[in-house]
Amino acid sequence: MKNHDCCTPNRSRRDFLLKSASGLGALSLLDLFGAAHAQPAAEAPNLGSLGAGQIPARAKRVICLHMLGAISHVDTFDYKPTLARMHGQDLPQSVRETQRLSTMSGGQSAFPIVGPLRPFKQRGESGAWVSDFLPYTAEIADELCFVKSLHTEHVNHDPASKFLHTGFQLAGRPSAGAWVSYALGSDNRDLPNFIVMNSGVSQGVPQDAAIWGPGFLPSHHQGVEFRASDDPVLYVNNPQGIDRADRRALLDSLAKLAALQHEESNDPDILSRVSQYEMAYRMQSSVPEVADISGEPKAVLDMYGPDVMKPGTFARNCLIARRLAERGVKYQTIFHLGWDLHLAIKQNFPLRCGEIDQPAAALVMDLKQRGLLDDTLVMFGSEFGRTPFAQGQIDNPLVGRDHHGGCFTWWFAGGGVKRGYTHGETDEFSYNIVKDPVHIHDLNATLLHVLGLDHERVTFRFQGRDYRLTDVHGKVVHEILA
Amino acid sequence: MQDFVFFLGRFHVLALHLPISIVIAAVALDFLARRPRHAALAQASPFLWGAAALSAVLTAALGYMHFAEGGFSGPSAEAHRLWGSVTALAAVAAWWLARGGDRAGALRLGAGLSMLVLVSITGHYGGNLTHGTTFLQEYAPSFLRGLIGAAPRRPPVTSVAAADPYLDVVQPLLEQRCGTCHNDDKRNGGFSVGSYDSTLVGGDTGRAFVPGNIEASEALYRTSLPPDDDAFMPAEGKTPLTAQQVAILRWWVAAGAPRDTTVGAVGAPGNVEPLLAAQLGLGGAAAVTAATAPSATADAKLVASLTAAGLLARQVSQSDARLVVSPSAPGTAVEAATLAALASAAAEIVDLNLAGTGLDDEGLRAIGPLPAVTHLRLARNSLTDAALEGLAASPQLTHLNLYGNAALTDAGLDALGQIATLRELYVWQTGVTASGVAQLRARRPELVVDFGAQATTTAR
């Protein structure tokens with residue numbers, strides 16, 4: 001929350017001087033008002049700050065499936081027979097070199113290789129390797145584009161997750177979804193542009209709203225979190241004794257007061273708040289409609305698996321994500337927690353995979369049969385990968401794998417990316433990248449590119465400099481685009 | 001106080017026009033007054049010369065104030081100051097002569113003509129300061145250039161490969177965009193593009209062009225900043241370099257700032273060559289326009305009419321004004337007004353999404369032909385086979401989504417197979433049968449017919 005008397009944050013000092021000097025300051029203020037609340041959002045479409053993409057878009061929306069805590073790439077997609085062959089032997093020092101390890105395994109005297117926990121097979125016509133842990137994903141391998149050469153600098157969840165979603169390791173930068181909302185606006189005036197859902201149990205992995213925060217962008221671009229319940233947004237319903245007309249009258253009066261306050265302070269947060277009140281008003285009908293899956297045929301529910309009947313599961317969230325995509329929501333991030341298996345990976349990894357495999361594959365195929373995969377980009381992965389070597393003793397049944405940022409795998413589907421394609425390659429230990437590295441900044445640059453945005457030209461001036469999602473980095477990975 | 005002096009000094013460039021025009025007027029008047037018919041004009045002569053003297057002294061004084069700002073050095077600046085001072089003094093003398101009795105004498109005329117020469121010389125040097133010393137030479141015929149000792153005009157370039165990267169490309173470009181403030185006489189910021197050496201050396205804030213190092217080249221940095229940045233060049237709202245011109249300079253720096261050679265010998269990549277051709281006036285303009293697609297804006301009235309009808313209309317991109325249209329609240333039913341708005345905008349729509357809007361055959365017919373549409377999303381409506389005949393009028397249709405239109409049958413599917421441009425067809429949850437889909441797939445193997453996930457995936 002900003003001090004309303006401290007500044008005029010929505011215009012630069014120079015702008016302000018120029019506008020006051022030419023006597024237009026007052027007029028533009030009036031404009032701002034006219035746009036903001038004379039029965040506003042119902043009429044004016046929200047096309048975002050750019051009005052239109054800078055390049056032709058390949059997709060209109062994104063669904064990001066983030067396995068928070070870091071899914072093991074060596075047990076899912078990055079098949080390395082060497083690891084099975086050398087199970088129990090130390091990862092050669094020449095491979096590990098002097099790379100930073102987390103403090104959790106950094107003190108180990110030995111780094112014994114743990115082979116893939118289950119066998120891999122080549123799948124579909126593309127012949128992509130997918131572990132037996134993911135039979136449903138395996139079945140749709142020909143729809144997917146694997147990038148096996150993602151890498152990040154970070155070795156811990158919190159900075160790595162913020163880096164993945166906001167392009168920076170500390171809190172305070174806008175999340176990719178907020179950037180997209182800011183740049184491109186909305187395709188459905190009744191729902192937020194950026195929605196976040198969570199499932200699973202964190203097991204101590206930190207996760208906070210800064211990952212889907214608006215940073216310095218106007219605050220209404222922040223991701224709206226849907227709760228794990230049949231009633232995804234708290235208090236969106238009218239309390240007893242208040243009907244919709246009362247609510248409308250209240251909002252109208254409130255908007256008038258806000259207008260007065262804004263005239264005094266010129267604080268853009270006031271406009272953000274008013275627009276959010278209006279959004280909440282419209283969400284009173286749109287959210288229950290989205291959350292109500294009673295109209296879904298059994299065959300569709302069966303695709304997502306039995307968990308879909310339980311609110312707050314990954315399966316239910318995937319179904320809701322499809323329903324939101326259908327309704328034009330631009331950006332969704334769905335977290336599934338519980339992947340941070342430093343301990344007892346053999347026991348827990350099958351459970352986690354069971355929770356996400358069928359729903360993720362179903363989401364892709366359900367979008368596809370509705371013709372939505374064509375303009376929706378689905379992406380699946382983690383903030384980093386996991387080590388091919390053991391954390392703890394190799395013969396301990398509760399052995400785990402530690403964090404590994406040097407290489408990890410994401411898959412993409414739809415949205416103008418290649419089908420049945422694999423990009424990038426790691427060494428025989430799945431520890432280092434040997435071909436076509438893709439940095440997190442490159443991932444974000446590509447993501448924006450797919451949506452019709454030039455990551456170098458989507459900027460916001462804050463504290464005297466132009467910020468962007470990819471800072472001064474990022475290269476679009478054209479190789480994966482169809 | 002100093003600032004106020006500088007402030008006044010800037011009026012020099014306004015005031016200087018007074019002595020020039022008044023001197024011309026006074027000399028002309030003196031000549032005219034020699035003829036008996038206009039003898040009466042002679043009475044005005046002292047007044048005019050007085051005005052000339054006054055304005056000349058004032059202009060010179062303002063000139064000294066302007067000079068005090070700094071940034072003026074070199075022969076033209078010195079000469080301008082010297083000749084300006086002389087002109088002011090001479091104007092006072094001319095006024096003194098004009099007050100004397102001999103109003104039409106030879107001495108007076110001589111003094112008048114001398115004044116003309118003086119203001120011309122002063123004005124010329126002043127002009128060199130603001131426009132650069134080569135301002136007059138630039139389009140001068142070669143024989144004139146020879147007379148004034150300027151380098152002969154470069155022979156016209158006939159091919160990109162034969163052009164000199166510095167003399168034909170970079171030097172004229174810099175002269176045009178930077179030369180007015182950064183020349184050998186008016187070295188704003190200590191920088192001049194007057195010669196190859198001074199161009200590379202740069203000014204007070206660093207080396208302007210570092211051969212082979214784009215990052216270290218101050219001029220490339222400054223010209224690439226956002227226009228509202230304090231350090232952006234050209235300053236003060238002067239015409240900025242185009243993106244193409246910056247690209248040319250980057251190429252030149254990356255190539256090591258070559259001179260006395262040819263573009264052919266240096267080598268220009270495919271994306272730079274059309275830019276060079278355009279810069280050299282060799283007709284690369286068309287290629288450049290295509291490469292840097294200009295911005296385009298959709299017809300505002302059309303967009304407003306779609307908006308008023310409850311639709312969201314987006315441009316394909318900032319450089320493509322064709323429209324992507326969907327309901328602004330997806331899933332709301334279409335009304336007659338919506339259909340009418342769509343009909344009037346039909347020619348501009350490339351992507352139309354009317355999924356789940358209750359659209360029926362009559363509604364689709366009301367929209368009429370969609371000649372530009374490539375993506376047509378009509379899922380979850382109540383369309384029948386009959387409605388699909390109109391799609392033949394969409395010669396660019398590649399993506400057609402009809403899933404959830406229960407009344408659609410194999411007959412309609414067969415008709416859709418006739419649309420040669422079609423690449424993706426969605427018919428899940430329709431009356432279409434598996435055998436109908438199989439037949440279509442056999443007939444059109446390149447057409448992806450999606451018949452639902454259950455139908456396409458094998459049993460696990």
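Chain letters run A, B, ... following the sequence lines, proteins first and then strands; every chain starts at 1.
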Okay, A/Thr459 and chain B: the region with an atom under 4.5 Å from a heavy atom over there is neither

So, the part of B/Asn353 with a heavy atom under 4.5 Å from chain A: the answer is neither

Scanning both residues in full, the closest heavy-atom pair of A/Gly371 with B/Asn401 reads CA-ND2, 3.5 Å

Separation between CG (A/Asp374) and CZ (B/Arg423), nearest 0.5 Å, reads 14.0 Å

Bottom line for B/Ala298: the part with an atom under 4.5 Å from chain A's heavy atoms is neither

- Query: Would you say B/Arg444 has more than 12 foreign heavy atoms packed within less than 6.0 Å of its CZ?
  - Reply: yes

The interface call for A/Ala362 against chain B, heavy-atom contacts under 4.5 Å, is neither

Note: B/Gln318 and A/Leu50 closest approach over all heavy atoms is NE2-O, 3.4 Å

Okay, B/Val303 and chain A: the region with an atom under 4.5 Å from a heavy atom over there is neither

Scanning both residues in full, the closest heavy-atom pair of A/Glu326 with B/Tyr403 reads OE2-OH, 3.3 Å

Practice item. Give the C-alpha distance, both sets of side-chain angles, the deciding distance and a yes or no for side-chain contact (heavy atoms from CB on, under 4.5 Å) between A/Arg370 and B/Tyr426. Key: CA-CA 7 Å; A/Arg370 289 161 206 270; B/Tyr426 297 86; over 6 Å; no

Nearest heavy-atom contact between A/Pro45 and B/Leu312 is CB-CD1, 3.3 Å

- [ ] Please check if atom OH in A/Tyr281 has more than 12 non-hydrogen atoms from other residues, nucleotides or ligands closer than 6.0 Å.
- [x] yes

**Request:** Give a yes or no answer on whether the side chain of B/Arg314 reaches the backbone of A/Leu184 with a donor-acceptor pair at less than 3.5 Å.
**Result:** yes

Exercise. Could you go step by step and tell me if A/Asp375 and B/His375 meet the side-chain contact (heavy atoms from CB on, under 4.5 Å) rule?
Worked result: CA-CA 10 Å; A/Asp375 57 356; B/His375 288 64; over 6 Å; no

Scored by heavy-atom pairs under 4.5 Å with chain A, the best of B/Gly404, B/Ala304, B/Pro330 is B/Pro330

Looking only at heavy atoms, the pair that brings A/Ala52 and B/Ser317 closest together is CB-C, 3.9 Å

Q.
Would you say CD of B/Glu446 has more than 12 non-hydrogen atoms from neighbouring residues, nucleotides or ligands within 6.0 angstrom?
A. yes

Taking atom CD of B/Glu335 as the centre, report whether more than 12 heavy atoms of other residues, nucleotides or ligands fall under 6.0 Å from it.
no

Max heavy-atom pairs within cutoff under 4.5 Å with chain B, candidates A/Asn46, A/Ile55, A/Asp190, A/Asp466, goes to A/Ile55

Checked B/His399, B/Gln429, B/Gln315 vs chain A; the most non-hydrogen pairs under 4.5 Å come from B/His399

